[in-house]
S.K.: 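Here it is, the structure in full.
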Amino acid sequence: MKKLVLFIPLVIFLAMGVFLYKGLFLNPQQLDSALEGKPMPAFQLESLETSAEIITNEQLKGKVALFNVWATWCPSCKYEHPFLVMLKRKNLLPIYGINYRDERAPALEELTRQGDPYNVNIYDKDGRLGLDLGVYGAPESFIVDHNGIIRFRYAGPIDQRVWSETLYPMIQQLQAEATKDGAS
């Protein structure tokens, strides 16, 4: 029995090794989203720019849109920011920013300095909307169709490769479906 007890740490070590080894092959950008195929969570939050202006999920329906969760404390958000600014210039779709667990003044200062890629900025100071969306951290982006249904979730910074290989083909398909449905 004493010899069997000596093998317990070895068994635990091997089990943890297998678990960690398996984790090496997981893609952190491919997070399961329980909300795909479901409506955007209902919200009533302040505009980042004007605390008196309240933005709701109902106001943002009607077009295929990209909701982008970002924050000033997020290094990856700073990496993707110039690409989002370029996308806004192309005017391919509305981009709605969700400023996640951040302070208003630094967020506004960063948008002034670096450019504002968002058609609308939602101020999610306490992270309630982020929690409802199942956000693990910033940046995360959600493609939402013209009916307000979440169609895809992407965790990580958006760059040219992610845009052209993953997001834009899906957006084009959803825009074509919206046109067939008579949406703008």
Side-chain angles (χ1 to χ4, degrees), residues 26-72 74 76-77 80-81 83-85 87-88 90-102 104 107 111 116-159 162-184:
L26 297 177
N27 183 347
Q29 274 84 32
Q30 292 180 340
L31 297 173
D32 289 335
S33 177
L35 294 180
E36 284 183 16
K38 295 188 175 144
M40 182 76 175
F43 64 86
Q44 291 184 337
L45 292 169
E46 296 175 1
S47 161
L48 178 65
E49 293 85 357
T50 311
S51 61
E53 181 185 353
I54 301 300
I55 300 167
T56 70
N57 56 304
E58 290 298 319
Q59 291 172 300
L60 304 180
K61 282 185 181 177
K63 291 187 175 190
V64 176
L66 182 71
F67 284 77
N68 179 255
V69 179
W70 70 282
T72 57
C74 165
S76 295
C77 297
E80 82 173 349
H81 193 88
F83 188 78
L84 293 176
V85 169
L87 281 182
K88 183 178 181 183
K90 289 185 174 185
N91 199 27
L92 299 171
L93 79 164
I95 304 172
Y96 302 132
I98 302 172
N99 183 244
Y100 179 66
R101 295 184 180 218
D102 209 349
R104 189 183 305 268
L111 292 176
D116 186 351
Y118 305 109
N119 297 72
V120 172
N121 271 300
I122 302 160
Y123 187 47
D124 190 20
K125 179 178 175 54
D126 299 324
R128 281 179 265 144
L129 177 56
L131 182 65
D132 290 345
L133 286 167
V135 168
Y136 287 90
E140 286 190 32
S141 297
F142 297 83
I143 297 174
V144 178
D145 73 12
H146 64 288
N147 293 315
I149 306 297
I150 296 171
R151 295 299 175 188
F152 187 72
R153 171 192 194 172
Y154 182 78
I158 298 172
D159 59 17
V162 170
W163 177 255
S164 57
E165 292 177 10
T166 305
L167 301 179
Y168 194 50
M170 187 176 304
I171 288 165
Q172 287 178 308
Q173 178 183 353
L174 290 170
Q175 288 173 331
E177 290 172 13
T179 302
K180 284 183 201 172
D181 291 348
S184 54

S.K.: How close do His146 and Asp181 get, counting heavy atoms only, and between which atoms?
M.R.: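 The answer is NE2-OD2, 3.2 Å.
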S.K.: Give a yes or no on whether a salt bridge exists between Arg151 and Glu36, defined as a side-chain N under 4.0 angstrom from a carboxylate O.
M.R.: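 Between Glu36 and Arg151 there is no salt bridge, as every charged N stays at least 4.0 Å from the carboxylate O atoms.
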S.K.: Tell me whether the count of non-hydrogen atoms from other residues, nucleotides or ligands lying under 6.0 Å of CZ in Arg128 goes above 12.
M.R.: no
S.K.: Is the ring pair His81/Tyr118 parallel, tilted or perpendicular, if the boundaries are 30 and 60 degrees?
M.R.: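 The arrangement is perpendicular - the two ring planes meet at more than 60°.
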S.K.: Would you find a donor on one side and an acceptor on the other, under 3.5 Å apart, between the side chain of Asp124 and the backbone of Gly130?
M.R.: yes
S.K.: Under the 3.5 angstrom rule, does the side chain of Asn57 hit a backbone N or O of Phe43 as a donor-acceptor pair?
M.R.: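 At least one qualifying donor-acceptor pair exists.
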S.K.: Which heavy atom in Arg104 sits nearest to a heavy atom in Ser51, and how many Å separate them?
M.R.: NH2-CB, 3.6 Å
S.K.: Flag the pair Leu92 / Trp163 as yes when at least one side-chain heavy-atom distance between them is below 4.5 Å, and no otherwise.
M.R.: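 A side-chain contact exists here, since the closest heavy-atom pair is under 4.5 Å.
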S.K.: Roughly how far, to the nearest 0.5 Å, is the CZ atom of Phe152 from the CD1 atom of Ile171?
M.R.: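 The distance works out to 10.0 Å.
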S.K.: Start with the C-alpha gap between Tyr168 and Leu87, add the side-chain angles, then the distance that decides, and say whether side chain to side chain contact (heavy atoms under 4.5 Å, CB included) holds.
M.R.: CA-CA 11 Å; Tyr168 194 50; Leu87 281 182; over 6 Å; no
S.K.: Is there side-chain contact between Pro157 and Cys77, with at least one heavy-atom pair below 4.5 Å?
M.R.: no
S.K.: Do Ile150 and Ile143 have side-chain heavy atoms sitting under 4.5 Å apart?
M.R.: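 In short, these two side chains do not touch, never coming nearer than 4.5 Å.
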S.K.: For the backbone of Gln172 and the side chain of Glu177, can you confirm whether one donor and one acceptor N or O come within less than 3.5 Å of each other?
M.R.: no
S.K.: So, Glu46 and Lys125, do they make that salt bridge, N to O below 4.0 Å?
M.R.: no
S.K.: So, do Asn68 and Ser141 sit near enough that their side-chain heavy atoms are less than 4.5 Å apart?
M.R.: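 Counting from C-beta outward, Asn68 and Ser141 do come under 4.5 Å.
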S.K.: When rounded to the nearest 0.5 angstrom, what is the spacing between CD in Glu165 and CG in Asp159?
M.R.: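 Between atom CD of Glu165 and atom CG of Asp159 there are 9.0 Å.
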S.K.: Are any side-chain N or O atoms of Asp102 and backbone N or O atoms of Thr72, one a donor and one an acceptor, separated by less than 3.5 Å?
M.R.: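 Yes, because the side chain of Asp102 sits within donor-acceptor range (under 3.5 Å) of the backbone of Thr72.
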S.K.: Donor-acceptor pair, distance only, cut-off 3.5 Å: does the side chain of Glu80 make one with the backbone of Ile158?
M.R.: yes
S.K.: Could you tell me the separation between the CD1 atom of Ile122 and the CZ atom of Phe67, rounded to the nearest 0.5 Å?
M.R.: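 Ile122 atom CD1 to Phe67 atom CZ measures 5.5 Å (nearest 0.5 Å).
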S.K.: Please name the residue in the list Leu45, Ile55, Leu48 that meets the side chain to side chain contact (heavy atoms under 4.5 Å, CB included) test with Tyr123.
M.R.: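 Among Leu45, Ile55, Leu48, the one meeting side chain to side chain contact (heavy atoms under 4.5 Å, CB included) with Tyr123 is Leu48.
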S.K.: Calculate, to the nearest 0.5 Å, the distance between atoms NZ and CG belonging to Lys88 and Leu66 respectively.
M.R.: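 The CG atom of Leu66 is 13.0 Å from NZ of Lys88, to the nearest 0.5 Å.
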S.K.: Within the distance-only criterion (no hydrogens, no angle test), does the side chain of Lys38 pair as donor or acceptor with the backbone N or O of Ile149 below 3.5 angstrom?
M.R.: no
S.K.: I'd like to know if the side chain of Asn119 reaches the main chain of Pro94, judged simply by a donor and an acceptor atom lying under 3.5 Å from each other, with no hydrogens or angles considered.
M.R.: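 It does not hold such a pair.
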S.K.: For the atom pair CD (Glu49) and CG (Asp116), what is the distance rounded to the nearest 0.5 Å?
M.R.: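 Atom-to-atom, Glu49:CD and Asp116:CG are 6.0 Å apart.
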S.K.: Test your reading of the model: is there a side-chain donor-acceptor pair from Gln173 to the backbone of Pro169, 3.5 Å cut-off?
M.R.: no
S.K.: Rounded to the nearest 0.5 Å, what separation is found between the CG atom of Leu133 and the CG atom of Leu35?
M.R.: 6.5 Å
S.K.: Give a yes or no answer on whether the side chain of Tyr100 reaches the backbone of Ala138 with a donor-acceptor pair at less than 3.5 Å.
M.R.: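 Pair absent, no side-chain N/O of Tyr100 close to backbone of Ala138.
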S.K.: Less than 4.5 Å apart, side chain to side chain, heavy atoms only: is that true for Tyr136 and Val69?
M.R.: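 In short, these two side chains do not touch, never coming nearer than 4.5 Å.
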S.K.: Please answer whether the main-chain N or O of Ala52 pairs with a side-chain N or O of Thr50 as donor and acceptor at a distance below 3.5 Å.
M.R.: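 The answer is no, because no donor-acceptor pair under 3.5 Å joins these two groups.
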